[in-house]
Colleague: 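Got a structure for you, questions after.
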Amino acid sequence: MDKQPAVQKGKIPSLDRQPVRTLKGVGPRVAEKLTHIGIETVQDLLFHLPFRYQDRTRIVAMGSLRIGEQVVVEGTTELTEVAFGKRRMLLCHISDGTGSLLLRFFNFSNAQKVVLARGARLRCYGEIRQGKKYLEMVHPEYQRLEKETDVPVDDVLTPIYPTTDGVHQLRMRDLTGQALQRLQTCDPSLIELLPTAILEKNGLINIVEAILTLHNPPPDISCEMLQQGRHPAQQRLAFEELLAHYLSLRQLRKSMQVHHAHPLHHDRGQWKKFTRALPFDLTGAQQRVIGEIMRDLSQPHPMMRLVQGDVGSGKTLIAAAAALAAIGCGYQAALMAPTEILSGQHLFNFRSWLEPLGIEVVWLSGKLKAQARREAMEKIKTGGARMIIGTHALFQNDVVFGNLALVVIDEQHRFGVHQRLTLREKGGLDGKVPHQLIMTATPIPRTLAMTAYADLDVSVIDELPPGRIPVNTVVVPDSRRDEVLLRVLTACRQGSQAYWVCTLIEESESLQCQTATDTAELLQEALPDLCVGLVHGRLKPVEKEKVMSAFKAGKIDLLVATTVIEVGVDVPDANLMIIENAERLGLSQLHQLRGRVGRGGKESNCVLFYQGRLSKLAKSRLAVMRETNDGFIVAQRDLEMRGPGEVLGTRQTGMVQMRIADILRDQALMPAIHKAAENILHTSPETGPLLIHRWLGNKTRYGNV
Ligand code: ADP
Ligand code: MG
């Protein structure tokens, strides 16, 4: 048995108070390295779970090998030879009577050649791959067996841990083993944080058993369940992890509610004037969502509301409605967009809506000339500017608002959560915090929204303005370019306008812009009758503006663009879009792009080009685009195929990587988790912080907020 650290005489500290340094073999150097993967205490080690398992518990017959599987095989060497391909390598054919396998070694010694010589009995572990002629293992682990003796195989699955530089698998296993010993001697009530009632109600196994099982899976465990993360031990921990995340978001939300905000409401006359001047009626969904927002704004605490609405559902108007409340009450409102183009577009809309009401709209672009910027800043500071529109530039420290009462963030998945939070400091000197309205066109399923955005209230615009005709989408190989060119020509001759979107082939932005530039030249050559325009991220803001307004005015027929047009660009007459390399884009992104057409009353078309041959997965992904125009369905399918991290922009939204839970796979747990959270907040509020600390540690999602 391990000696317990003598921290306090006679009293063993709980595992989250026992530093890893108290384990055998952990000096300051290793302890420091472990902090890189978030391990500081013995408890952290216990919750540092294997991310997969190797099955070395059975020997698989070579006749039943499956590609991609990692397995143990046993057989006799039939032939071992040195081959000279591009590189020198050792090839070793082995068979077990049911089938055969090729072992391939690129680096090998003479001694190895001898060990692997014909007639040797070998046990190998590795991944099965499809070689040119045979199934293969490349650089397998192997062991030579003496004839006739039975060497036992492992009787449990081998856990594989996430590691860090300088702390390898074996060390992790050893440390975890020590931690597990401590676990078995500690007071279970210290490690089991969930109240018994919650465990029983949800059929959850106790935590000690779950931890032991996952670090040391018993021989009879279902490998399949384990690999899929559906084993009761995993589900037990996933439940707790999701609960911890949910509680931390609830806490964040509460910490916002202690702040004060200006209660806002519409000035009746002004609101009437505004709506009367619109060329259309608000949709039912817009009215409902505006109602939800107005209720929040009337409160003396900051609103934290997310509005989800498919591309083209009319979110800009919602932003204007909210802004009018702030302005009508004598305060400022700010609208932040993710790109210069989009902020320019908003500027255009807001000016046309608000200036007739005598409201000054100011644009703070990152690239304003010094003098213009100084003037804008002055107006923002004195409060002369009532409506301020910009990009990230709005966040810079030197931007001081006179009396900011509302911030609207458009297309939030492009913004970091931190940026969103720094806004809190942009309120006035009176200690009031601005209301926040966040708008996103990435519609996500409800249960997921409740997990990922539990700190926010959510409104959904579930209705498009009337008269929208679904975009007709086709998937076409790049080889049929000529046909598509003809189609562009015909459409433009008939008065249509088209987008030609060059997507990211190379990672670098400059190459992407270069591709767009080249494409524009080629297209102009091929279609001399048309006016071809070009817009990309490297253009100066003024130039971008010029191109966009020329396109909007109908002076450009075909606009070649990089994905900078992805969000928010609104040119209702454009009704044809060609997207290159569509197979490389996420579905949500394609949907965003496609949302640029189908805005006017005309029938619209979207051509998705792909290069080369499509994989089965790519085919079915693009088929989704053909089959539906509904952003919610697209998002759902995208989630299933790519996972929430990619779709929600996890890295950008700042959601901490989950250790064992998978918000998609474990969606079904959410309703129970919400109930459990209520229960904990009411009956044992001291548990929440412990859970959050256990699962999120110091990297609480939003830092210190
Ligand atoms: P989103 O930002 O949600 O993608 P926008 O706010 O850009 O959508 O609106 C898309 C288009 O629909 C714009 O041209 C806008 O003027 C128009 N629009 C907005 N609301 C309505 C409505 N209620 N009826 C008709 N058209 C509308
Ligand atoms: Mg928009």
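Order of appearance sets the numbers: ligands from 1, and atoms from 1 within every ligand. Side-chain atoms are counted along with the backbone in the values below, which use heavy atoms only and exclude waters and symmetry mates.
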Colleague: Quick check: does L282 get an N/O under 3.5 Å from an N/O on ligand 1?
Modeller: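 N/O-N/O distance under 3.5 Å: no.
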Colleague: Using only atom types and a distance under 3.5 Å, with no angle test, would you say the side chain of R373 pairs donor to acceptor with the backbone of L368?
Modeller: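 No, because the side chain of R373 does not come within donor-acceptor range (under 3.5 Å) of the backbone of L368.
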Colleague: Would you mind finding which of L342, V571, N349, D281 brings a heavy atom closest to atom 23 (N) of ligand 1?
Modeller: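 When every heavy atom of L342, V571, N349, D281 is considered, D281 comes closest to atom 23 (N) of ligand 1.
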Colleague: Look at ligand 1 and say whether G309 reaches it with a heavy atom at a distance under 4.0 Å.
Modeller: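 Per 4.0 Å heavy-atom rule, G309 does not contact ligand 1.
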Colleague: Out of A319, G595, A441, G314, indicate the one that has the non-hydrogen atom closest to atom 8 (O) of ligand 1.
Modeller: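 Of the listed residues, G314 has the closest heavy atom.
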Colleague: I'd like to know whether Q257 forms a side chain to side chain contact (heavy atoms under 4.5 Å, CB included) with R253, so could you lay out the CA-CA distance, the side-chain angles of the two residues, the decisive distance to 0.1 Å, and finally the verdict.
Modeller: CA-CA 6 Å; Q257 276 156 357; R253 185 190 169 108; 3.8 Å; yes
Colleague: Short list, please: which atoms of ligand 1 are under 4.0 Å from a heavy atom of T316?
Modeller: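 Those of ligand 1 that fall under 4.0 Å from T316 are 2 (O), 5 (P), 6 (O), 7 (O).
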Colleague: Please identify which of these residues, V475, I579, D478, meets the side-chain contact (heavy atoms from CB on, under 4.5 Å) condition with F609.
Modeller: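 Among the candidates, only D478 passes.
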Colleague: Could you verify whether a donor N or O on one side chain and an acceptor N or O on the other, from D518 and Q514, lie under 3.5 Å apart?
Modeller: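 The criterion, which ignores hydrogens and geometry beyond distance, is satisfied for Q514 and D518.
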Colleague: Hey, does R468 sit under 4.0 Å from ligand 1 if you only count heavy atoms?
Modeller: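 Yes.
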Colleague: Could you check R374 against M377 for side chain to side chain contact (heavy atoms under 4.5 Å, CB included), going step by step and ending with a plain yes or no?
Modeller: CA-CA 5 Å; R374 255 199 310 278; M377 300 267 282; 5.7 Å; no
Colleague: Do any N/O atoms on V311 end up under 3.5 angstrom from N/O atoms on ligand 1?
Modeller: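 No, there is no polar N/O contact under 3.5 Å.
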Colleague: Is it the case that R584 and T503 place a side-chain donor and acceptor less than 3.5 Å from each other?
Modeller: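 Looking only at side-chain atoms, T503 and R584 do not form any donor-acceptor pair under 3.5 Å.
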Colleague: Counting from 1, what ligand 1 atoms have a heavy atom of T283 closer than 4.0 Å?
Modeller: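 The atoms of ligand 1 under 4.0 Å from a heavy atom of T283 are 23 (N).
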Colleague: Could you label the plane-to-plane angle of the H266 and W271 rings as parallel, tilted or perpendicular, counting under 30° as parallel and over 60° as perpendicular?
Modeller: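 Ring orientation of H266 relative to W271: parallel.
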Colleague: I'd like to check which ligand 1 atoms, numbered from 1 as shown, lie under 4.0 Å from a non-hydrogen atom of D310.
Modeller: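 Numbered from 1, ligand 1 contributes 3 (O).
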Colleague: Hey, is Q286 touching ligand 1 through its side chain, its backbone, both or neither, going by heavy atoms under 4.0 Å?
Modeller: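 Side chain only; the backbone of Q286 stays clear of ligand 1.
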